[in-house]
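Below is one structure, written out as structure tokens; the observations come after it.
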2 protein chains.
Amino acid sequence: MNRRFSVQKKMIKESLKRLDHPTAAQVYEEIRKVYPQISLGTVYRNLNIMVEDGEIMRLPFSGAPDHFDQNPEEHYHIVCSRCGRIFDTDGIPHELLAELDEAVQACAGVEVQSRILIFYGICAACKKVQ
Amino acid sequence: MNRRFSVQKKMIKESLKRLDHPTAAQVYEEIRKVYPQISLGTVYRNLNIMVEDGEIMRLPFSGAPDHFDQNPEEHYHIVCSRCGRIFDTDGIPHELLAELDEAVQACAGVEVQSRILIFYGICAACKKVQ
DNA sequence: GTCATTGCAAAACGTTTGCATGAAT
DNA sequence: ATTCATGCAAACGTTTTGCAATGAC
């Protein structure tokens, strides 16, 4: 299963960097403007491959479509519960996460390997509008 | 929109206590054994109502169906990445969560109102089997 | 030439909804 | 009598998949 080059995949990766935590559909719509023959299936297939290969990160949400993050490094997110915008929270102290993992292990007796942490709040822009 | 009694809802709530963090489909299958005419739509409708009323908790997962927790109190979960079993992590110190919220706010400039924290690891039983 | 990747359309999946019937108040 | 809840089936939105054609190596 050797990976081969494809323009589509390249465009998807570039789109991911340009857009801010987009969904597959948003990537699809963006690329369609300049490359109308691309298919949504191709977008999904490539996003899955890139997640699998550790090139990008998937941000799953309840009910809503997944979003994708061009930054695969471990970091977490806070979502504005009013406008839905997603903000990065890189810079959470590592010791704090380690403490949290320890607390979880103490509660449940299972060693933490990874985590999905999604925070919700109202962003500055939405707060201003009231 | 006054809520009325229904046997179905009662059965769903009891099933939720008996089963361990089940999905809607699992609740449906369990009830069907003793009450075959129940419909999946009714199960979903009632689960949504109970979540809305703060009687139970919804546990959303990426791609997979939602699970439901009969305990509506704030607590989090660790999922066995091998067998999928869900363990409660009640007892995470409140100060630790407060520290985490603070760190998130410091990173992203958004005040945390709520959070979805899902941890992954391999449970004791699965570790034994290798 | 081999076989990974594409576009397309259909299917799969979890979930919600419209509607006529039935049950709770 | 009112109107909320049910069962059923159809619809929904997201994602995956089967397949023949195309393109990378």
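The figures that follow rest on heavy atoms only: side chains count, while hydrogens, waters and symmetry mates do not. Protein chains get the first letters and strands the later ones, always in sequence-line order, with residue 1 at the start of each.
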(request) With heavy atoms under 4.0 Å as the rule, sort A:Tyr28 into base, sugar-phosphate or nothing. (result) nothing
(request) Rounded off to whole Å, could you give me the CD-to-P distance for the A:Gln26 and D:dT14 pair? (result) 10 Å
(message) Without decimals, in angstroms, what is the distance between A:Gln37 CD and D:dT22 C1'?
(response) 12 Å
(request) Check every atom of D:dC25, D:dA5, C:dT25 against the side chain of A:Phe5 and return the nucleotide holding the closest atom. (result) D:dC25
(request) Would you kindly give the CG-to-C1' distance between B:Leu40 and C:dC13, to the nearest whole Å? (result) 12 Å
(message) At less than 3.5 Å, do the side-chain atoms of B:Arg4 and the base atoms of C:dG22 form a donor-acceptor pair?
(response) no
(message) Need one value for A:Phe61: base, sugar-phosphate or nothing, where a base atom within 4.0 Å counts as base even if backbone is also close, heavy atoms only.
(response) nothing
(request) Check every strand shown and say whether A:Ile38 touches a base, only sugar-phosphate, or nothing at a heavy-atom separation below 4.0 Å. (result) sugar-phosphate
(message) I need the CD1-C1' distance between A:Ile12 and D:dT15, as an integer number of Å.
(response) 14 Å
(request) Among C:dT5, C:dG7, C:dT15, find the nucleotide with the atom closest to the side chain of B:Asp66. (result) C:dT15
(request) Specify the residue among A:Gly41 and B:Pro65 whose closest nucleotide of DNA chain C lies further upstream toward the 5′ end. (result) A:Gly41
(request) Describe the nucleic acid contact of B:Arg45 in one word from base, sugar-phosphate, nothing, applying a heavy-atom distance below 4.0 Å. (result) base
(request) Measure from CG on B:Leu47 to C1' on C:dT17 and round the result to the nearest Å. (result) 16 Å
(request) Using heavy atoms to find the nearest nucleotide of DNA chain C for A:Ile49 and B:Gly63 separately, return the residue whose nucleotide is more 5′. (result) A:Ile49
(message) I need the CG-P distance between A:Leu59 and D:dT14, as an integer number of Å.
(response) 16 Å
(message) Quick check on D:dA5: is either OP1 or OP2 less than 4.0 Å from any side-chain nitrogen or oxygen of B:Asn46?
(response) no
(message) Using only atom types and a distance under 3.5 Å, with no angle test, would you say the side chain of A:Ser114 pairs donor to acceptor with the backbone of B:Tyr120?
(response) no
(message) Would you say that more than 12 heavy atoms from the other residues, nucleotides or ligands in this model lie under 6.0 Å from the CD of B:Gln26, or not?
(response) yes
(message) Is B:Ser39 close enough to D:dT6 that one of its side-chain N or O atoms is under 4.0 Å from OP1 or OP2 there?
(response) no
(request) Assign each of A:Arg58 and B:Tyr35 to its nearest nucleotide of DNA chain D by heavy atoms, then name whichever residue's nucleotide is nearer the 5' end. (result) B:Tyr35
(message) Within a 6.0 Å radius of atom CD on A:Gln70, are there more than 12 heavy atoms belonging to other residues, nucleotides or ligands?
(response) yes
(message) Apply salt bridge (charged side-chain N to carboxylate O under 4.0 Å, His left out) to residues A:Glu29 and A:Arg32 and explain how you reach the verdict.
(response) CA-CA 5 Å; A:Glu29 288 304 336; A:Arg32 225 146 76 93; 3.5 Å; yes
(message) Is there a side-chain contact between B:Asn2 and the phosphate of C:dA24, meaning an N or O under 4.0 Å from OP1 or OP2?
(response) no
(request) Using a cut-off of strictly less than 4.0 Å, decide whether A:Gln8 has a side-chain nitrogen or oxygen near OP1 or OP2 of C:dG7. (result) yes
(message) For a quick test of reading the model: is some side-chain N or O of B:Ser6 closer than 4.0 Å to OP1 or OP2 of D:dA5?
(response) no
(message) I want to check one thing: is the phosphate of C:dT16, taken as OP1 and OP2, less than 4.0 Å away from some side-chain N or O of B:Tyr44?
(response) no
(message) Counting neighbours of CD on B:Glu102 that are heavy atoms of other residues, nucleotides or ligands and sit closer than 6.0 Å, is the number greater than 12?
(response) no
(request) Return yes if a side-chain donor-acceptor contact under 3.5 Å exists between B:Gln8 and B:Thr42, otherwise no. (result) no
